[in-house]
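To keep things clear, I will list the structure first and then write my remarks on it.
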Protein chains: 2
Amino acid sequence: MAKDKKPRRPRAETPKGFRDYFGAEVAERNEMLARIAEVYHLYGFDPLETAAVETVEALGKYLPDVDRPNAGVFAWEEEGDWLALRYDLTAPLARVAAQFRNDLPSPYRRYAMGPVWRNEKPGPGRFRQFYQCDADTVGAPSVAADAEICAMLADTLEAVGIPRGDYLVRINNRKVLNGVLEAVGLNPAEDRETADAVLRTIDKFDKVGPGGVRELLTTGREDQSGAFIDGVGLGNDVADTVLAFMQAKGADAGATIGTLREVVSGSNIGATGVDELEQIGDLLAAQGYAADRTEIDPSVVRGLGYYTGPVFEAELTFEITDEKGRPRQFGSVAGGGRYDDLVKRFTGQAVPATGISIGVDRLLAALRAKGRLDGTTKGPVIVTVMDRNRMAEYQAMVGELRQAGIRAEVYLGNPKNFGNQLKYADKRNSPVAVIEGEDEAARGVVQVKDLVLGAKIAESASLEEWKSQPAQREVPRADLVTEIARMIGAGD
Amino acid sequence: MAKDKKPRRPRAETPKGFRDYFGAEVAERNEMLARIAEVYHLYGFDPLETAAVETVEALGKYLPDVDRPNAGVFAWEEEGDWLALRYDLTAPLARVAAQFRNDLPSPYRRYAMGPVWRNEKPGPGRFRQFYQCDADTVGAPSVAADAEICAMLADTLEAVGIPRGDYLVRINNRKVLNGVLEAVGLNPAEDRETADAVLRTIDKFDKVGPGGVRELLTTGREDQSGAFIDGVGLGNDVADTVLAFMQAKGADAGATIGTLREVVSGSNIGATGVDELEQIGDLLAAQGYAADRTEIDPSVVRGLGYYTGPVFEAELTFEITDEKGRPRQFGSVAGGGRYDDLVKRFTGQAVPATGISIGVDRLLAALRAKGRLDGTTKGPVIVTVMDRNRMAEYQAMVGELRQAGIRAEVYLGNPKNFGNQLKYADKRNSPVAVIEGEDEAARGVVQVKDLVLGAKIAESASLEEWKSQPAQREVPRADLVTEIARMIGAGD
């Protein structure tokens, strides 16, 4: 940005990785958020809206050993403090739970909806600002809280238009995984690095399959591009146990639980984890959230290191066609789990917490892929301007229409070229245009034009041709509102 | 943030000037935004949601002569580009109107709602992130667009709960003010600095009165703290004309217009401005937005330099009591006007635009001051936990209640101390608590407790005392939902 370039005009561009949302995109998202909020509200969750900006300290995003924030957040220095845009809604919740711990009810059930920001390389369909919609319970140690979150997630998906059978809430438990590691002689608490490497490997199960996971757990593997990925360096026997765990899903929850008990035998933490999974499964089954909506699935990992117990993932099970025309499962739209240590960062005291985060933009994409959102908004009735001097009368017409709940507006561009008015109505997806020139005014009538019928010829036709179409009728001025209400099927 | 301080825990605090919004605060704002959106939608406006982040270049917030952003925005450097949080919703609209000028309908009516950020010194009730809610029409040169915005603003205020008589949309025109300056021998286009100083002075009319304005326009004035404020340096005759303009408001619009014509006599731009005001007044009157809702008021200035024609301000006219117990008018909650040059920055072509911005937080404060929002949320029915082993049954109960549309939850804290469960219900503002121990379960009944009645004694009473209260009744388990629906007056 050298000085000599100053006189040029500014570029009208969003920063890289950011985008604008127009019309139906905004309305459909707001509608979805409102429906999700309704379910959360019914479950007793209260809304919380934190600011977009947090201290880097509160976010826990200082890089180790340097006084600079992690590169993954958008951050800036402000009078000696580093501030940053929140990168999720969980870190602000942990801060709030600590800051207001004496005032908030305990347990504290809260939901939050809003954008989060990631300073990551943008890619196709990957933006640096996107919406999350979270619900968490802070201060509830029992797995009943986890079961509640899973039930609520299922209800939420149905409320936004994903029918039963098209989704599955899959549940696992970090404690079981830790039990597996313990059973093969690894101590996750002592060797965090290896444990995390195992987690990351298991997370690739969907992509690389059991054979690939085995290679990655042991000696390594060549990926699709030919690059060699180092293995974790575990023995084959250990890999066997991990794979047995991941593939423990049986014909029903009981069978899965049985296999898991075997795999973790000898590990206390593993046994606790299996007990918890069993309880969650029982609680869900008792409430009718059976195998058609939820399942125990040991292959669910969830990337984040901070989970300490049950983890959940909502997957859409229907197929869509990807960019290359191949069918594929839509995949995950929400995930979460129990994280008992996040508030402790601030207060020193462990506070049990569990929750989920819904990827709103992905969920919207799913509904669009299924044709359940059409991406259009009903356009307004357009009162055209035939005679500039009659503007007050045109504005009175739209006033009457709005009183009746009908979306309506006067054309406010340059009225000289009537064709432009029609093109505008077309672009706005208008159902009806109203025309009243001097002649009509003198006779106390208006022309009403059904644009759904008329759209095809609107672009080429002259005013006279256009007016002769059968879709256009003359009605008494006094009947304007009732006539249009009839045409568009009452107010929208 | 020296290294030696590293081991301490992070502070659980919002950055200075930011805050969190809880429960009803969030719900009430969302409800208000939804009502405003409904009105905007009826008027044919489409939603637009831009990202929080813009390039500083697009925001036009580079300081003159330095390659650093204006201190008033939160900004950071990112691979050589300066990015910043938007400080209003108008600058992003100008960028969008330029970037998508070939795709958007013209005129483009859009509304936008969301937070904006100001890097300003925070003060009591003054935050660095706050909501705006804007509606603008881009590409409509006629004052009919300005009249439409004013009508919509009046409708919006009524839709959110400000009754007619409690607000006034005041309208002025920058062209009239420029005409006044021209009439006294100043050329605003040539001497922008003096013109802006006059604008700023007029804007202080409400605070300092006509005498104060006269002093500030001429030789200067001592303010309340004793500090001397330099005057603009105009002559007394010029001050006379400016004051005549500001006080031109007559008994009705006709009288005001008549006086204004006299004050600007000899100035073309002034005459155009008065014509425009007259047309806006006529258009509004023809649609029924008469003197009880809108008025021509020459004392309205609106601070921003970028307005080029009509300017509007919505004022709440009722009195509230300020922090010191003194009655005062609530004042402005929305403002806007015509700005024909903002898009030109990008494209070089002038694009007429006009719009308003509603200060959502101030409007919410007004409704709270008038007692029209109570700041509370209906709490959930609480199913207490008398017996941990019956958790599945308790969760089934809340499931049934939710099916009936009743907000409900199981107590998920440590159930040992029953008093804590009651305190929790109290804190959540719960209408009803449900109690089912082993005994009740065996008999097929539940206890339902009306907490509105019981609240008074909840804190001190023991379980036995509490259970003996008349507000508590035993009902068959099968009648749980119907009984509670009856108690709380149907679903919430």
Side-chain angles (χ1 to χ4, degrees), chain A residues 1 9-15 18 20-23 26-27 41-44 46-53 55 57-58 60 67 76 83 95-96 98-99 105-107 115 129 137 139-140 142 144-145 282-283 286-287 345-346 348 380 391-392 395-396 399 402 407 409 412-413 424 427-428, chain B residues 1 9-15 18 20-23 26-27 41-44 46-53 55 57-58 60 67 76 83 95-96 98-99 105-107 115 129 137 139-140 142 144-145 283 286-287 345-346 348 380 391-392 395-396 399 402 407-409 412-413 424 427-428:
Chain A
M1 192 93 16
R9 290 187 199 121
R11 281 165 301 185
E13 281 170 19
T14 45
F18 291 90
D20 303 305
Y21 295 85
F22 292 90
V26 180
H41 174 80
L42 264 186
Y43 270 80
D46 273 347
L48 167 68
E49 190 167 326
T50 61
V53 180
T55 65
E57 178 185 351
D67 282 344
W76 62 93
L83 303 182
R95 194 260 305 152
V96 165
Q99 185 172 352
S106 178
Q129 172 177 330
T137 304
S142 135
D282 288 350
L283 285 169
Q287 293 169 73
R345 283 184 57 234
F346 296 101
M391 184 55 82
Q395 290 198 327
R402 290 175 197 140
R407 194 178 191 208
E409 55 168 69
L412 285 182
Y424 172 82
K427 200 157 199 169
R428 292 302 310 280
Chain B
M1 193 97 8
R9 292 188 197 119
R11 280 165 302 184
E13 280 171 18
T14 46
F18 292 89
D20 303 305
Y21 295 84
F22 293 91
V26 180
H41 175 81
L42 264 186
Y43 270 81
D46 273 347
L48 167 68
E49 191 167 326
T50 61
V53 181
T55 65
E57 179 186 350
D67 282 343
W76 62 92
L83 303 182
R95 194 261 304 150
V96 165
Q99 185 173 351
S106 178
Q129 172 177 332
T137 304
S142 133
L283 286 169
Q287 293 170 72
R345 282 185 58 235
F346 296 101
M391 183 56 81
Q395 290 197 326
R402 290 175 197 140
R407 193 178 192 208
E409 55 168 68
L412 286 181
Y424 173 81
K427 200 158 200 170
R428 292 302 308 281

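Since this is a predicted model, take the numbers as computed values, not measurements. Chain identifiers are assigned alphabetically (A, B, ...) following the order of the sequence lines, protein sequences preceding nucleic acid strands; residue numbering begins at 1 within each chain.
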Find the one option among B/Ala286, B/Pro105, B/Ser142 whose heavy-atom pairs under 4.5 Å with chain A are most numerous.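 Ranked by contacts with chain A, first place is B/Pro105.
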
Tell me, out of B/Ala140, B/Gly399, B/Ala12, who's got the most heavy-atom pairs with chain A below 4.5 Å.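 Top option by heavy-atom pairs under 4.5 Å: B/Ala12.
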
Contact class of B/Leu48 relative to chain A, heavy atoms under 4.5 angstrom: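 Both parts, heavy atoms under 4.5 Å.
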
Which answer fits B/Val53, side chain, backbone, both or neither, if we ask what part of it has an atom under 4.5 Å from a heavy atom of chain A?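 Contact with chain A is through both the backbone and side chain of B/Val53.
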
A/Pro107 versus B/Tyr424: any side-chain heavy-atom pair under 4.5 Å?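 Counting from C-beta outward, A/Pro107 and B/Tyr424 do come under 4.5 Å.
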
Name the member of [options] that forms the most heavy-atom pairs with chain B at distances under 4.5 Å.
{"options": "A/Ala396, A/Ala144, A/Ala98", "result": "A/Ala144"}
{"options": "A/Ser106, A/Ala58, A/Pro115", "result": "A/Ser106"}
{"options": "A/Pro380, A/Gly44, A/Ala27", "result": "A/Gly44"}
{"options": "A/Arg428, A/Gln395, A/Glu13", "result": "A/Gln395"}

Point-to-point distance, once rounded to the nearest 0.5 Å, from CG of A/Asp20 to CZ of B/Arg95: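 CZ of B/Arg95 is found 4.0 Å from CG of A/Asp20.
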
How far apart are the closest heavy atoms of A/Arg9 and B/Glu57, and which atoms are they?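 Scanning both residues completely, I find the closest heavy atoms to be O-OE2, 4.1 Å.
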
On a heavy-atom basis, which atom in A/Arg407 and which in B/Asp46 lie closest, and how many Å separate them?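 Shortest heavy-atom contact: NH2-OD1, 2.8 Å.
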
Is the side chain of B/Gln129 donor-acceptor paired with the backbone N or O of A/Ala52 at a distance under 3.5 Å, no angle test?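 At least one qualifying donor-acceptor pair exists.
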
Heavy-atom distances under 4.5 Å only: say whether A/Pro47 touches chain B with side chain, backbone, both or neither.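 Both backbone and side chain of A/Pro47 come within 4.5 Å of chain B.
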
Side chain, backbone, both or neither: which part of A/Gln287 has a heavy atom under 4.5 Å from chain B?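 Contact with chain B: side chain only.
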
Show the numbers, then the answer: is there a side-chain contact (heavy atoms from CB on, under 4.5 Å) between A/Arg11 and B/Thr55? CA-CA 9 Å; A/Arg11 281 165 301 185; B/Thr55 65; 6.0 Å; no

